[in-house]
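This report concerns only the one structure given below.
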Amino acid sequence: MKKKLPNSIIISVLLILLALVLVWGLSRQKTVDIKTANLNIHRGPGIDYPTIDHTQRQRYHVISKRNDWYKIRITDHKYGWVASWLVDRKKPLGHVSRLSEATVVIDAGHGGSDSGAEYKDSKNSRYMEKTYTLQLAKKVAAALRLRGCHVIMTRDNDRYVALKPRPQLAESAHADAFISFHYDSSPQRNEGTGITTYYYHRGTSKQLAESLSAQFDNLPLTNKGTDFGNFLVIRDNTRPAILCEMGYINSRKDFHHIKSFSYQVKVANDVVKGLNQFFKQ
Ligand SMILES: [Zn+2]
């Protein structure tokens, strides 16, 4: 004959199990210390959502995470979203701008087995487009990160990246801007010169192109303004997306600047200014 377990034992076991589940649940809930004062709290996970509050006390409970934004509890029944990279910063950010709350994808054209266009000097040495798009992309990324911006690079070394994954990265990150860097090339060397900023989609992409292009007047190469361009990385892109041809690599005059540190730094500063302008709109 089977003996039945007393009810009191069953209830005790159930209570212990319940307590364990509760402890496990609480231990999984993350709290964050927000070191940067007065961070914007948005209604949703992104800068396009209205600001509903600012951070005040130091410690918040994180409920969930989406698009690299934290959903935090402001009061018992009030929730909002903050940019996780600003919360997680070790050094508090001095100046919080809309740019610091933005996610920007920086795309260095070509890479790896795809070297892009090239410049050949009088000794027949070859200088490849992929080298200079990466140098520029790294400087732009560093300048943006200095302002707190969340930067994602499609590549940060000399490796092959197919075209399609580049806009897909902007989509999955829900990027606020996608900027692709390239250098132009003319059929005959030394025939082409200058900078062109391309958009495919009208609306925010065209606005982004205009905001950046307006900053390029201080560069030593002719700024040829904005134009429509049918490039896959900006065409098959649902986020604001542009492609910048920052000079002709097979022009001796243009290449002299393209390879120079000071030109690259100037472009990086212009991109910061242009994005600031774009996010203010
Ligand atoms: Zn190219």
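Computed from heavy atoms alone, side chains included, the values below leave out hydrogens, waters and symmetry copies. We count ligands from 1, going down the list as the structure has it; atoms in each ligand are counted the same way.
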For this session: Assert yes or no for the condition that the ring centre distance of Trp69 to His42 is strictly below 6.0 Å.
Result: yes
For this session: Examine all N, O or S atoms of Asp184, backbone included, and report whether one is under 2.8 Å from the Zn ion (ligand 1).
Result: no
Problem set entry | Pair Tyr70, Asp88: side-chain N/O donor-acceptor within cut-off below 3.5 Å | yes
Exercise. What N/O/S atom of His110 gets nearest to the Zn ion (ligand 1)?
Worked result: NE2
Exercise. Do the ring centers of Phe255 and Tyr132 come within less than 6.0 Å of each other?
Worked result: yes
Problem set entry | Trace of the side chain to side chain donor-acceptor pair (under 3.5 Å) decision for Asn230 with Arg235 | CA-CA 6 Å; Asn230 187 4; Arg235 184 191 66 220; 3.0 Å; yes
Problem set entry | Glu129: its N/O/S atom lying closest to the Zn ion (ligand 1) (atom name) | OE2
Exercise. For the Zn ion (ligand 1), what is the closest N, O or S atom on His182?
Worked result: ND1
